[in-house]
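Contents: one structure, followed by commentary.
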Amino acid sequence: MDNMSYAVILTLMVPRDSKSYRHLYFTCFLSLYLLILSMNICLVIVIIKEKSLHEPMYIFLSHLCVNGVYGASGFYPKIMSDLILDSYVISSHMCALQICVIYSSLLCEFTILTVMSYDRYVAICKPLDYHSKLTKLTCVKLILFSWIIPNCVSVIAVLLSNLRPFCKNHIDKLYCDNWSVVKLSCVSSFVNNVYGYVVTFILLSCAVIIIVSYVKLISACKASLENRRKFWQTCLPHILSLINFTFAFLFDFMYNRYGSNDIPESLRHFLALELVIVPPFFNPVIYGLNIRAVRQRVFILMSCSKSRLNVSQAPK
């Protein structure tokens with residue numbers, strides 16, 4: 001019997017003390033998932049409803065929030081079902097789907113942050129040209145770039161890894177990731193490595209755009225108090241999001257390819273989960289609290305919702 005392609009069902013890592021604490025883990029993941037959904041969706045609704053927020057920066061922010069919901073939905077439902085059923089298995093097809101969702105979401109995060117850095121560069125360094133450069137058509141093109149390129153890259157990566165024959169069936173992680181699936185095969189990973197370098201080049205190109213944008217932004221902010229105020233109000237959240245995402249992504253990438261088992265298991269779990277937990281939670285919090293226009297509209301929306309709830313519950 002050919003044992004190179006038998007692995008239709010793959011096994012995932014079982015969380016430590018899952019027998020004793022799986023209901024506690026489930027409650028924590030469910031609470032996080034609901035919180036991520038509510039915060040991101042609330043921010044998107046505020047941006048859609050408020051005409052004063054129909055500016056490129058807020059439109060890009062809404063897509064960052066939509067991407068957060070999309071990425072979180074690729075991880076939380078699966079881990080919660082595993083905890084409830086106490087069965088940490090996944091079919092190779094569902095594994096491919098999870099990889100595609102999570103990786104396209106992570107790459108979308110990076111491309112959207114790149115587009116946002118360009119938006120801030122034009123807004124602060126060339127304010128008079130802002131509306132002529134960032135027209136509706138340009139915004140649509142940038143948004144399409146932010147979504148289409150990452151999804152195409154992810155689909156190709158998943159196809160390259162899943163068309164290879166499997167000779168193992170265990171993924172040493174709580175969720176599927178592309179390089180873990182590549183390592184399940186006994187054949188050469190040369191093509192996957194080459195493609196990985198191509199993707200890395202694309203990401204580095206985005207990083208260069210971001211770095212150049214911020215070098216020019218910092219230079220422009222030195223000459224103007226108003227520019228400094230804009231920088232701290234709108235660019236600081238962007239920088240924090242970018243730093244958090246970049247460090248988490250780099251650790252995950254480096255550990256998957258070159259990691260050692262000498263790293264404590266708890267630290268590996270934390271840093272791997274940080275990549276799928278923190279960005280969708282962190283982004284709406286840091287943007288919603290730091291950007292005054294968004295913060296005010298969120299509070300107004302919450303106040304109106306609370307008032308309507310009180311009226312509906314009042315005795316007639």
Side-chain angles (χ1 to χ4, degrees), residues 1-15 18 29 67 70-83 85 87-110 149-203 245 248-261 263 265 268-277 279:
M1 183 178 67
D2 182 10
N3 66 348
M4 294 295 289
S5 58
Y6 75 93
V8 176
I9 301 299
L10 308 176
T11 60
L12 298 170
M13 177 184 285
V14 179
S18 61
F29 280 121
N67 182 62
Y70 166 67
S73 298
F75 167 72
Y76 285 94
K78 172 56 181 164
I79 188 67
M80 288 190 294
S81 68
D82 288 345
L83 291 166
L85 299 174
S87 177
Y88 305 91
V89 297
I90 188 170
S91 70
S92 55
H93 298 299
M94 290 304 297
C95 185
L97 178 61
Q98 185 178 51
I99 293 169
C100 194
V101 171
I102 291 177
Y103 271 67
S104 61
S105 173
L106 293 174
L107 293 174
C108 277
E109 177 105 4
F110 202 76
I149 298 299
N151 279 281
C152 290
V153 167
S154 300
V155 168
I156 294 171
V158 169
L159 287 174
L160 286 176
S161 59
N162 281 268
L163 290 176
R164 297 149 52 87
F166 294 154
C167 62
K168 291 178 284 186
N169 70 336
H170 180 68
I171 294 175
D172 193 29
K173 219 167 184 180
L174 295 174
Y175 59 91
C176 291
D177 77 294
N178 196 57
W179 195 249
S180 294
V181 172
V182 170
K183 291 190 291 186
L184 296 180
S185 177
C186 297
V187 300
S188 171
S189 59
F190 174 76
V191 175
N192 302 81
N193 273 316
V194 171
Y195 186 71
Y197 293 131
V198 172
V199 175
T200 302
F201 174 77
I202 294 172
L203 292 177
F245 171 77
F249 189 84
L250 283 175
F251 172 83
D252 190 68
F253 177 82
M254 296 301 291
Y255 178 76
N256 281 340
R257 289 175 178 256
Y258 312 111
S260 167
N261 290 328
I263 298 175
E265 184 180 333
R268 281 189 284 138
H269 286 342
F270 171 77
L271 291 170
L273 289 176
E274 199 267 354
L275 193 62
V276 294
I277 289 177

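All values below were derived from every heavy atom in this structure, side-chain atoms included, with hydrogens, water molecules and symmetry-related copies excluded.
V101 has its side chain out of reach of F75: every pair of non-hydrogen atoms, C-beta onward, lies at least 4.5 Å apart. Taking the side chain as every heavy atom from C-beta outward, Q98 and Y175 approach each other to under 4.5 Å. At least one side-chain heavy atom of V153 sits less than 4.5 Å from a side-chain heavy atom of Y195. In this structure the side chain of S154 never reaches within 4.5 angstrom of the side chain of I99, judged on heavy atoms. Here the side chains of F110 and P150 are not in contact, with every heavy-atom distance at 4.5 Å or above. Contact of the Y76 side chain with the I277 side chain is registered, since non-hydrogen atoms from C-beta on lie closer than 4.5 Å. Using a 4.5 Å cut-off on side-chain heavy atoms (C-beta onward), I171 and C176 make contact. Annotation: side chain of V155 is not in contact with side chain of Y103 (no heavy-atom distance under 4.5 Å).
The line from CG of N192 to OG of S185 is 8.5 Å long, rounded to the nearest 0.5 Å. Atoms CD1 and CG, on I149 and L107 in that order, are 10.5 Å from each other to the nearest 0.5 Å. Separating the CE atom in M13 from the CG atom in D172 is a distance of 3.5 Å, to the nearest 0.5 Å. Remark: R164 CZ to L159 CG distance equals 13.0 Å, nearest 0.5 Å. One finds the CG atom of N151 at 11.0 Å from the CD1 atom of I156 (value rounded to the nearest 0.5 Å). With values rounded to the nearest 0.5 angstrom, I90 atom CD1 is found 7.5 Å from D82 atom CG.
Residues N178 and A157 come closest through the heavy atom pair OD1-O, 3.4 Å. The two residues N67 and S105 come nearest to each other via the heavy atoms ND2-O, 2.9 Å. Minimum interatomic distance between S161 and V182 (heavy atoms only, all atoms of both residues): CB-CG2, 3.6 Å. Contact detail for A96 and V158: the closest heavy-atom pair is CB-CG1, 3.6 Å. Scanning all heavy atoms of the two residues, the minimum distance from N162 to S92 falls at OD1-O, 3.7 Å.
Applying the disulfide bond (SG atoms under 2.5 Å apart) rule to C108 yields no partners; only residues at least two apart in sequence or on another chain are considered. Looking at residues two or more places apart in sequence or on another chain, you find a side chain to side chain donor-acceptor pair (under 3.5 Å) between T11 and H170.
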